[in-house]
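The next block holds one structure in the form of structure tokens; read it before the comments.
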Amino acid sequence: MNLETVLLLETVNFAAEKHKTQRRKDPEATPYINHPIGVARILSYEGGITDITVLQAALLHDTVEDTDTSLPELDAVFGATVARIVQEVTDDKALSKQERKQLQVEHAPHCSHQAKLVKLADKLYNLRDLNRCTPSGETARTGTPSGWTPQRVQEYFTWAVQVVKGLRGTNAALEEKLYQLFKERGIET
């Protein structure tokens with residue numbers, strides 16, 4: 001087995017352990033780990049990304065934001081580059097949801113190329129998930145109601161356009177798939 005395969009498997013295992021009790025907001029309450037694995041898959045399979053550090057960061061992108069993982073822990077286990085990419089895509093949960101969303105729009109153009117790739121794949125995964133099924137019920141992370149109205153879904157898509165605009169020129173294949181989703185929703189890009 002080559003070193004990159006070992007690194008990816010170690011990263012998947014780490015992420016799975018960190019997210020083991022979490023569920024997605026979809027009606028099936030799918031295991032949360034499906035999300036970071038899906039983001040990494042989008043990058044590799046659809047985006048043609050083979051950079052191991054980007055794929056590791058994709059697998060770990062929600063660990064600091066949504067689990068007890070710290071950036072120093074990621075740095076110690078996976079190295080400074082992976083930790084930096086994760087830091088770039090991590091929202092500050094001390095801020096309000098509206099502030100976090102605004103900061104994503106503002107910071108997107110200034111992220112490293114590696115972080116932009118993770119953000120593109122994350123947005124693509126989440127938008128596809130919203131198209132597949134609207135979140136409902138309670139979230140495993142907060143225990144609060146998470147039912148989304150069609151208007152809230154549309155607002156999320158509209159906000160995502162603003163983030164993606166700041167990521168232009170990062171990966172044509174992923175951007176095209178995102179713009180197709182926006183077009184299907186009737187959202188100007």
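The first residue in the sequence is number 1, and the count goes up from there. Quantities reported herein were computed from a predicted structural model and do not represent experimental measurements.
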Evaluate the criterion salt bridge (Lys or Arg N to Asp or Glu O under 4.0 Å) for residue pair Asp66 and Lys93; output intermediate values, then yes/no. CA-CA 9 Å; Asp66 294 334; Lys93 289 288 189 116; 3.2 Å; yes
Smallest separation among heavy atoms of Val118 and Ala57, with atom names: CG2-CB, 4.3 Å
Anything under 3.5 Å between a donor and an acceptor, one on a side chain of residues 180-189, the other on a protein residue two or more places apart or in another chain? List them.
unit_1, atom_1, unit_2, atom_2, d
Arg185, NE, Asn131, OD1, 3.4
Arg185, NH1, Gln154, OE1, 3.1
Arg185, NH2, Asn131, OD1, 2.9

Quick one: pull up CG in Asn171 and NZ in Lys177 and give me the separation to the nearest 0.5 Å. 10.0 Å
Begin from the C-alpha positions of Lys119 and His107 and carry the test side chain to side chain contact (heavy atoms under 4.5 Å, CB included) through to its verdict. CA-CA 11 Å; Lys119 284 184 102 37; His107 290 157; over 6 Å; no
Of the non-hydrogen atoms in Ile37 and Val12, which two are nearest, and what is the gap between them? CD1-CG1, 4.4 Å
Carefully, step by step, assess Arg132 and Glu28 under the rule salt bridge (Lys or Arg N to Asp or Glu O under 4.0 Å). CA-CA 11 Å; Arg132 183 181 63 80; Glu28 297 88 26; 3.3 Å; yes
ILVMFWY network linking Leu60 to Leu43, side-chain heavy atoms under 4.5 angstrom: no
Distance from Lys25 atom NZ to Asn126 atom CG, nearest 0.5 Å? 9.0 Å
Given the rule in the side chain to side chain contact (heavy atoms under 4.5 Å, CB included) test, do Lys101 and Gln162 qualify, once you have shown the distances and angles that lead to the verdict? CA-CA 10 Å; Lys101 289 176 83 171; Gln162 299 307 310; over 6 Å; no
Distance in Å, Leu167 CG paired with Leu120 CG, rounded so as to fall on 0.5 Å steps: 4.5 Å
Would you check, one step at a time, whether the test salt bridge (Lys or Arg N to Asp or Glu O under 4.0 Å) holds for Glu155 with Lys97? CA-CA 14 Å; Glu155 288 170 358; Lys97 182 181 241 179; over 6 Å; no
Are Phe14 and Tyr32 connected, step by step, through hydrophobic side chains (Ile, Leu, Val, Met, Phe, Trp, Tyr) whose heavy atoms are closer than 4.5 Å? no
How is the hydrophobic cluster of Met1 composed, in terms of its other members, when Ile, Leu, Val, Met, Phe, Trp and Tyr link through side-chain heavy atoms under 4.5 Å apart, directly or indirectly? Val6, Leu9
Can a donor-acceptor pair be found, under 3.5 Å and without considering hydrogens, that links the side chain of Glu65 to the backbone of Asp91? yes
Hydrophobic cluster membership, Tyr125 vs Phe157, 4.5 Å side-chain cutoff: yes
Please determine whether residues Tyr179 and Ile42 belong to a single hydrophobic cluster, defined as Ile, Leu, Val, Met, Phe, Trp and Tyr linked transitively by side-chain heavy-atom distances below 4.5 Å. yes
So if I apply the side chain to side chain donor-acceptor pair (under 3.5 Å) rule between Lys18 and each of Asp62, Thr67, Asn13, Asp68, which one comes out positive? Asp68
How far does CG of Leu3 sit from CG of Leu8, to the nearest 0.5 angstrom? 10.0 Å
Going only through I, L, V, M, F, W and Y residues with side-chain contacts under 4.5 Å, is there a path from Leu55 to Leu74? no
Considering all heavy atoms, the nearest Lys123-Ala160 contact: CD-CB, 4.3 Å
Please table the atom pairs, donor to acceptor, closer than 3.5 Å between any side-chain atom in residues 76-87 and protein atoms at least two apart or in another chain.
unit_1, atom_1, unit_2, atom_2, d
Arg84, NH1, Glu88, OE2, 2.6
Arg84, NH1, Ser112, OG, 3.0
Arg84, NH2, Gln114, OE1, 2.5

Stepwise side chain to side chain contact (heavy atoms under 4.5 Å, CB included) check, His19 with Thr63: CA-CA 7 Å; His19 292 296; Thr63 56; 3.7 Å; yes
When rounded to the nearest 0.5 angstrom, what is the spacing between OG1 in Thr170 and CD1 in Ile49? 9.5 Å
For a quick test of reading the model, state the closest non-hydrogen atom pair linking Pro31 to Arg23 and the distance between them. CG-NH1, 3.2 Å
Would you check if there is a donor-acceptor pair between the side chains of His61 and Asp122 at a distance under 3.5 Å? yes
Pair Arg24, Asn34 - check side chain to side chain contact (heavy atoms under 4.5 Å, CB included), show working. CA-CA 9 Å; Arg24 291 287 282 177; Asn34 292 7; 5.6 Å; no
Does Gly169 offer a backbone N or O that forms a donor-acceptor pair with the side chain of Glu175 under 3.5 Å? yes
NE2 of His35 to CG of Leu59, rounded to nearest 0.5 Å, is 10.5 Å
